[in-house]
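Have a look at the structure below, then the notes.
Throughout, protein chains are lettered first and strands after them, A, B, ... in sequence-line order, and every chain is numbered starting at 1. Predicted, not measured: the structure shown is a model, and the values here were computed from it.
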Amino acid sequence: MDEQQNIAKQYDPSQVEDRLYSKWMEEGYFHAVPDSKKKPYTIVIPPPNITGQLHMGHALDNTLQDILIRTKRMQGYSALWLPGTDHASIATEAKLVDALAKEGITKDMLGREKFLEKAWEWRKIYGGRIVEQLKKLGSSCDWERERFTMDEGLSKAVQEVFLKLYDKGLIYKGERITNWCPKCNTSISDIEVEFEEQAGHFWYIKYPVKDSDEFVVIATTRPETLLGDTAVAVNPEDERFIHLVGKTLILPLVNKEIPVIADSYVDKEFGTGCVKITPAHDPNDYEVGLRHNLPQIRIMDDKAIMNDNAGQYKGLDRYEARKKILEDLEKLGLLVKIEDHTHNVGTCQRCRTVIEPLISKQWYVRMKPLAEPALEVVRNGTIKFVPERFSKIYFNWMENIQDWCISRQLWWGHRIPAYYCLECGHIMVQASDPDVCPKCGSTRIEQDPDTLDTWFSSALWPFSTLGWPEKTEDLEYFYPTDVLVTGYDIIFFWVARMIFSGMEHMKEAPFKTVFIHGIVKDPQGRKMSKSLGNGIDPLEVIAQYGTDALRFALTIGNSPGNDMRFSTEKVESSRNFANKVWNASRFVLMNFDENIDFSKVDKSKFTVADRWIISRINTVTKEVTENIDKFELGLGLQKVYDFIWEEFCDWYIEMVKPRLYDRESTGRLEVQYVLNFVLGNAMKLLHPYMPFITEEIYNHLINDGRSIMISQWPQYSEELNFADDESKMKIIMDAIRNIRNIRAEMNVPPAKRAKMIFVTSGENEKATLTEGATFIQRLAGASEIVVQADKEGIPADAVGTVIAGVEIFIPLDELIDIEKEIERLNKEKINLEGELKRVDGKLNNEGFVAKAPPKVIEEEKAKRDKYQDMHQKVVERLESLKK
RNA sequence: GGGAGCUUAGCUCAGCUGGGAGAGCGUCUGCCUUACAAGCAGAGGGUCGUAGGUUCGAGCCCUACAGUUCCCACCA
C-alpha cells in the first residue's frame, strides 16, 4: 500500500491533532442526549476562571476527566461532560481594575454600569481563550452545553437559592467582624484568608493605672490598634493582676479611660498576661468585647487608612501609623522593650495583602443546619472520596463549620437581591425590583450594592448547568452526576459547598464519587507559581511534544491524591512511547495486503504466538477496565504501555516477521488478522489516555470504519483465554532470553548464527520447542535447532544453560573460554541455590505447611522440583567442564 | 496545638484485598537486524526510613521514633 509505505518514521502530532478534533466536533461525538436505552454518565467540569490561562493543574484535571468520560462513552453510556467557565468575581474584577488603572481610569470614574460593560467585554475576549485551550487538550466536552456562571439561567438559579435560603432563615444579614482585604476592598470568607508565617515583633507597652503609680504592660504585635482599645483583659485566675480588675487605665496617646476586665480567654503564660482588647480590629477581641459590652471603635477605613477615631494619626496608612505610634510611645517612655517574634499573618488569597479584620455589615449563610445532611451523605457512603482519606479532611472542616460570609463589595458578580427602603429602612428580599415599600409606602428604594461570593454560584454548578430551577429533561436524566474530579486544594471552596447545596436544593447528593488528584509541581518539587516563574506551560509542551505525550506524562506512574513532579524528561519518554506506537502501527499497515478479507481467516492456522498474544490482550483488557473503574488510571496506563511495548512490539511483532516477509507463507492472512485485532483493541484501551494517535491509527486499521471514539470498548472473553499457549510461550521466551544472555556474556558476535541443541525428556517441552523453533531461530540467532532426549553428540566445549525442564547447548566453532563459561555457570548455580534456599525455607516450615493455603503450598512445591532439576543439571554441566 | 501524606534502585516514582521487589530516566556492554537509534539486545544497581509487634509469611497490617511535605487552628 503506497500511501501507507509513505507514513513518516516519526509521529508528528501537529499533523493529526487539530484535524481529528475538528472532525470529532463536526460529527457531534461529544454531544450527549438523554437516551432511555442508555445509562447516563455525567461529569461537570470544574469551571475555569474566564480570565484564566491553561496551566498544568488544568491539564491534569481535565485529562483525568477526559479519560473517564471517553472510557464510559465507549462502554455505551450516554456520557456527558458538561463544560463551562466561572465569572470569578474577585479575580476578574481585580484584573480589570489593574488594566483600567494603566489607562488612568478608576472604577468610580466609570461607574457601575460602564464598569460592568467593560467586564462583559473582557469576558468575551478572554472567556473563549481558556475554552480553546481545553480543546487543545483533546477534552471531549459537550460544547453545545457550555455554561457560564453568569448566564441567565444560572443567575436565575443563584437568585432562587438566595430567596429560598433567606425565607428559611438560612441567609441573614449581620454586623460583625469580618476578614477585610484593604487592597481588593471587599470582605472575604474565612477560607480565602491564607496564613503566612512572617517575622515580626512583640512590642511591650505600658498602660498607666489611673490615679496610681502602677501600670500594666501589654505585649502586642500590632501597636497601631492601640488607638481602638476599649479594655485590657487579664485572666480571672491570675493572682498577679487580679487586684487590678475593675480599675481604670489611661490609654496612652489617646488619654482615654479604659477598664481592666477579667476573661478566661487570656493565657496567663503567654506574653505579659495582660491583653489589650481592640474589639473592632481583632476577631478574638471582638468576642471578648461582646462578652463585656465593650465599645467597638473602628480606627481605619476600608483601605486601612487611619480615620477620625485615630486623632492625630488620621490619614496615615496602618504601617505608617504603627511607626509613628511607636516613636511617640518611645518619647513618652512607655515602650518597655521590643522582641523578635514570628507569627502567622492572615493574607488575602487573591492579592497577598495583609487582612484587616473589620466590623461591617455582611450577608451570611447559616451553615450548621446545611452541614448536617452534607456530613451524613458522606458518612453513609452515598458520596465516596477517592482516595478515601480525603473524607476525613472533609469531615473535619464540615463539623467545625462557621457561617459563610457571602457578600462582596464588588461589582462583577451576582447582585444580592435585597432592597432597602430609604425612608423606613425596611429590607425586601425578592426576585424583582419593588416599586413601593410595603411598610411605609415610600418609593425611595435601593438595591443592595453588593454581589455574591463567586463560590455561591459554583456551589450550584452540578444542577444549575442542567437547567435547575426548571424541571428539565436533562436534569432528570443526568442528575446526580457520577464523578467530580478536582484537586484537594478546593475541597472546601467548592466540593463541600456543592454537597450541601445539592442536598438542600435537590434533596440528592450532586455526585457519587469525588476523585481527588494532587498538585503538579516543578522538577524540584516546588509548586508551580507565577512569582517563582517556574511554571511549565502545557500549551508549549503540546506544541513541542503533542497532546498525547502531555496527557501520558500527566497520567503515568501517578496515584490518586498524590502530588507529582513534571519534567521534560517525562514528556520525552511519553513522546517516545507515542512514536513507538506509531511505528508498530506503521509496521502492521505496511504488511497488510490489498483487499484483505478476514472472513477467510482459518483459525486452525493460528500459531502458539498468535493465541498467546490474543490471550494476553484479553487479560490486559480485563485488568485495564478494572483499573479505570477503580480510578487507578496510572496503573491502567502502565499495563497498556507494557503490553504494547514489550509483548506486542518486542515479542509478537518480532515473531511474526518471517511469516509476513514471505508473501507465500501459510498463515499470512491469519497474522494480519491477529495484528489487526490486537492492535485495534490495544488502541481502544489506550484511546482514553491518548485520544489522537489512537484515532489516527485506528482509522487505518481494518474495522467498521467508525471513529474509535464511538467504537465499542473491548470485552474480556473466556473463549480468548489460552492458558496452554501462555505457558508454552513462557518456555520459548525463557529459552530465547537465556540464549541471548549467553551470547552477550560470551561475546558471541550478534551476527553469528549458531546451532542450538535442546535436551529434554518432557513431551510437552519437546513439542513446544519444535513448534517454537522458527521463533528461536529468528530471535536467538540460531542457524539450526535440534531437539533431542539425550546429550548424544554434544561437544564437550559447547556453552550451555538450563531453563525449566530443558537443557540448552550451543556448540561454537571457535574455542570457548572455559574459565569464563565456568564462571557464568557458577553464577547460574548460585542463583538457583538462592531460590532453593528460599523455597525450602518455606516448605520446611511446619507453620507454613499447616496454615498456608493449599494453592500456595502446591506452587512452592512445583517451584522446588523445578529448581532442583535445574540446579542438578547445572552442577553436572560444571563437573563435565572441570574435567 | 490538632490532623494527614510521604520516606522503595543514582534521580523521579509505581507497587490493587499480606504469598518469589517494578517502571521511566541515568549508568555499563554490544548492535544502523528491511516498524521504530525517539530504537534493539544484554548487564549492573535496593537489609523497601529506624526499632518493636501481629502472622506460617510483612514494602503492604499495628505501635513508637526520626526526617520531610502539606492541611486545619490562630496566643494577643
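- For the segment residues 572-584 of chain A, the set of residues with a heavy atom within less than 4.0 Å of an atom of RNA chain B comprises Ser573(A), Arg575(A), Asn576(A), Asn579(A), Lys580(A), Asn583(A), Ala584(A), in numerical order.
- One finds no side-chain N or O of Tyr394(A) lying less than 4.0 angstrom from the OP1 or OP2 phosphate oxygen of rA4(B).
- Atom CG in Asn400(A) sits about 14 Å away from atom C1' in rG1(B), given to the nearest Å.
- On a pure distance criterion of 3.5 Å, no polar donor-acceptor pair joins the side chain of Glu632(A) and the base of rA14(B).
- The pair Glu835(A)-Lys863(A) does not count as a salt bridge, with every side-chain nitrogen at least 4.0 angstrom from each carboxylate oxygen.
- In this structure, Trp645(A) reaches the sugar-phosphate backbone alone: every heavy-atom distance under 4.0 Å involves primed, P, OP1 or OP2 atoms, never a base.
- Residues Trp651(A) and Gln10(A) both approach RNA chain B. Their nearest nucleotides, taken by heavy-atom distance, put Gln10(A) toward the 5′ side.
- Residue Lys392(A) is classed as a sugar-phosphate contact, given heavy-atom separations below 4.0 Å to backbone atoms only.
- Evaluation of atom-type donor-acceptor distances gives no pair under 3.5 Å for the side chain of Arg740(A) against the base of rG42(B).
- Residue contacts for Ile653(A): at a heavy-atom cut-off of 4.0 Å it reaches a base atom on one of the strands shown.
- Between the CD1 atom of Ile556(A) and the C1' atom of rG22(B) there is a distance of 12 Å, rounded to whole Å.
- Looking only at distances, a side-chain donor or acceptor of Asn591(A) sits under 3.5 Å from a matching main-chain atom of Phe587(A).
- With rounding to whole Å, Leu843(A) atom CG is found 12 Å from rG19(B) atom C1'.
- Residue-level contact check: Pro853(A) touches the bases, meaning some heavy atom is under 4.0 Å from a base atom.
- When heavy atoms are screened at a 4.0 angstrom cut-off, Arg565(A) is found touching the sugar-phosphate backbone but no base atom.
- We find that CG of Asp840(A) is positioned 21 Å from P of rG19(B), with the value rounded to whole Å.
- Residue whose closest nucleotide on RNA chain B sits further toward the 5' end, between Lys639(A) and Glu569(A): Lys639(A).
- Counting only Watson-Crick and G-U wobble pairs whose two distances sit under 3.5 Å, RNA chain B takes part in these stems of three or more pairs: B:1-7 with B:66-72, B:10-13 with B:22-25, B:27-31 with B:39-43, B:49-53 with B:61-65.
- Asp642(A) comes within contact range of no nucleotide atom at all, as no heavy-atom separation falls under 4.0 Å.
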Once base and sugar-phosphate atoms are separated, protein heavy atoms under 4.0 Å mark nucleotides 66-76 of chain B, 5' to 3', with B, S and - as ------SBBBB
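- Here Tyr641(A) lies in heavy-atom contact (under 4.0 Å) with sugar-phosphate atoms only.
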